[in-house]
Amino acid sequence: MTQADAVEVRDVVVRYGATTAVDGVSLNVPRGSVLALLGNNGAGKTSLLQVCEGFRRPDAGAVSVLGLDPVADHDELMPRIGIMLQSGGVYPWATASEILGLFASFAAHPLDTGMLLDRLGLRKVARTRWRRLSGGEQQRLALAVALVGRPELVFLDEPTAGMDTEARHTTWQLVEELRDDGVSVLLTTHLLDEAERLADRVVIVRSGVVAATGTPAELTAAAGIDLLEVRADAGLPISALAKRTDAKVSESSPGEYTIAGSMDSAAIAVVLSWFAEAGAHVTAVNTRRRTLEDVYLALTTPKALR
């Protein structure tokens with residue numbers, strides 16, 4: 001493992017009996033970066049996190065976390081990482097303040113618990129028992145617990161599930177600040193806008209294998225343009241244009257033309273050349289590039305459902 005890598009996963013396999021949950025996955029998280037691990041339920045994300053966190057050995061392959069074996073060196077590794085659980089793991093009758101204080105007591109140099117309560121909007125429920133917190137409040141407390149020990153690496157499993165919009169944006173800001181401070185983050189999420197905003201790199205897994213990897217910009221750029229909008233003279237003979245392209249051509253309103261379909265630069269050139277040949281006075285050209293959500297759905301949705 002290079003010094004730059006907080007996590008390195010190589011050809012990891014995880015099996016549950018005859019079922020292979022993770023089938024030869026490789027990925028790495030450079031220090032001070034955010035990696036988003038995306039995939040449908042059952043894609044193998046949680047199994048992969050459990051291996052990285054040291055809660056189970058892989059059936060094949062190798063994992064290194066902060067230069068350590070997460071199972072063999074578990075006791076040495078745990079003080080250096082933070083883990084945000086989706087639910088449970090705490091005494092339900094303890095208050096938010098008591099829970100956070102308990103986990104702070106485990107750390108050599110914990111963050112100020114009052115600061116975390118304030119930052120995550122938990123001060124008003126500090127004396128409320130866990131079982132009476134809302135789902136979003138429990139999530140925010142779980143995040144505080146993961147951060148209170150000043151970790152070098154944080155595992156965030158669905159960090160903003162159940163949060164309202166304000167809490168979600170506060171969490172995003174915290175994750176960005178962690179990265180700026182040199183903390184590495186490995187997160188799973190079903191919110192594609194969350195991944196697109198936070199992640200330096202994205203790994204999409206499908207049925208236990210890596211379906212795609214890259215920065216959000218790389219993944220969306222590779223998917224290409226899926227809509228071209230051209231403003232020109234009304235009533236042009238677009239049936240002739242339709243014969244030149246595989247995209248769907250329409251005049252949505254007088255002088256407003258939409259060309260919908262996966263288009264590369266050559267296909268766009270064909271369309272614009274046609275307008276020039278038709279002698280059209282083009283006043284505007286707009287494109288819509290596919291989003292990370294478009295890429296994700298294309299890779300993970302069964303063809304029969306598309």
Side-chain angles (χ1 to χ4, degrees), residues 1-12 14 21-22 25-41 43-58 61-71 73-74 77-86 89 139 142-161 171-192 194-206 208-216 219 292 296:
M1 189 184 83
T2 65
Q3 182 60 32
D5 292 327
V7 178
E8 185 171 10
V9 174
R10 286 293 171 262
D11 303 319
V12 161
V14 177
V22 180
V25 167
S26 295
L27 60 84
N28 69 295
V29 184
R31 291 180 186 265
S33 71
V34 178
L35 178 79
L37 184 62
L38 309 180
N40 293 337
N41 292 333
K45 304 187 304 298
T46 298
S47 296
L48 195 56
L49 284 184
Q50 289 174 345
V51 168
C52 293
E53 293 163 353
F55 294 119
R56 67 158 294 156
R57 284 193 180 278
V63 179
S64 182
V65 177
L66 299 178
L68 301 171
D69 182 317
V71 175
D73 303 318
H74 194 67
L77 180 63
M78 289 305 290
R80 300 174 61 189
I81 67 174
I83 299 174
M84 182 181 178
L85 303 176
Q86 280 187 295
Q139 281 293 98
L143 177 59
V145 165
L147 300 182
V148 73
R150 299 182 190 267
E152 298 172 47
L153 167 67
V154 185
F155 294 95
L156 303 179
D157 194 4
E158 301 292 338
T160 60
T171 300
W172 290 355
Q173 291 170 3
L174 274 173
V175 172
E176 290 169 340
E177 289 171 14
L178 287 171
R179 175 178 52 199
D180 292 343
D181 289 339
V183 178
S184 309
V185 180
L186 175 54
L187 69 87
T188 69
T189 181
H190 283 104
L191 302 175
L192 279 300
E194 181 168 272
E196 194 156 14
R197 168 167 169 168
L198 296 178
D200 296 296
R201 292 190 66 80
V202 171
V203 174
I204 301 175
V205 291
R206 179 185 59 211
V209 301
V210 174
T213 184
T215 67
L219 293 175
L292 185 59
Y296 175 82

Point to revise | Val210 vs Leu27 side-chain heavy atoms within contact, under 4.5 Å | key: no
Revision key, fill the gap. Between Leu219 and Gly214, the two heavy atoms sitting closest are CD1-O, 4.0 Å
Check your understanding: In Å, rounded to the nearest 0.5 Å, how long is the span from NZ of Lys45 to CD of Glu158?
Key -> 6.5 Å
Practice item. Please report the C-alpha distance between Leu153 and Leu77 in whole Å, then the side-chain angles of each, then the deciding distance to 0.1 Å, and finally whether the side chain to side chain contact (heavy atoms under 4.5 Å, CB included) criterion is met. Key: CA-CA 10 Å; Leu153 167 67; Leu77 180 63; 6.0 Å; no
Revision key, fill the gap. For Ala195 and Leu38, the nearest pair of non-hydrogen atoms, with its separation, is CB-CD2, 4.0 Å
Check your understanding: Which distance, rounded to the nearest 0.5 Å, do you find between the CZ of Phe55 and the CD1 of Ile83?
Key -> 4.0 Å
Check your understanding: Say you draw a straight line from CG of Leu186 to CG of Leu48; how long is it, rounded to the nearest 0.5 Å?
Key -> 7.5 Å
Point to revise | Heavy-atom closest pair, residues Asp69 and Val71 | key: OD1-N, 2.8 Å
**Study point:** Least distance between heavy atoms, Gly61 atom then Pro58 atom
**Key:** O-CG, 4.1 Å
Check your understanding: Heavy atoms, side chains only, cut-off 4.5 Å: are Val183 and Glu152 in contact?
Key -> no
Practice item. Would you mind reporting whether Met84 and Leu187 have side-chain heavy atoms less than 4.5 Å apart? Key: no
Review point. Okay, side chain of Ser33, backbone of Ser184: is any donor-acceptor separation there less than 3.5 Å?
Key: no
Practice item. With the side chain counted from C-beta on, respond yes when Arg206 and Asn40 share a heavy-atom pair under 4.5 Å apart, and no when they do not. Key: no
Check your understanding: About how many Å separate CG of Leu174 and CG of Leu143, when rounded to the nearest 0.5 Å?
Key -> 6.0 Å
Check your understanding: Given side chains that start at C-beta, do those of Gln139 and Thr171 come closer than 4.5 Å, heavy atoms only?
Key -> no
Check your understanding: Distance-only, no hydrogens or angles: does the Ser26 side chain make a donor-acceptor pair with backbone N or O of Asp11 under 3.5 Å?
Key -> yes
Review point. What residue among Leu35, Asn28, Leu37 forms side chain to side chain contact (heavy atoms under 4.5 Å, CB included) with Arg201?
Key: Leu35
Review point. Out of curiosity, Gln50 CD to Phe155 CZ, how far, rounded to the nearest 0.5 Å?
Key: 11.5 Å
Point to revise | Side chain proximity check, Glu176 to Leu198, heavy atoms < 4.5 angstrom | key: yes
Review point. Looking only at heavy atoms, which two atoms of Val65 and Cys52 are closest? And how far apart?
Key: CG2-O, 3.3 Å
Check your understanding: How about Leu178 and Leu147: do any of their side-chain heavy atoms sit closer than 4.5 Å?
Key -> yes
Practice item. Output the distance between atom OG1 (Thr189) and atom CD (Glu196), rounded to the nearest 0.5 Å. Key: 12.0 Å
Review point. Looking at Val51 and Pro70, what are the two nearest heavy atoms and their distance?
Key: O-CG, 3.6 Å
Check your understanding: Between Thr215 (side chain) and Asp200 (backbone), is there a donor-acceptor pair under 3.5 Å?
Key -> no
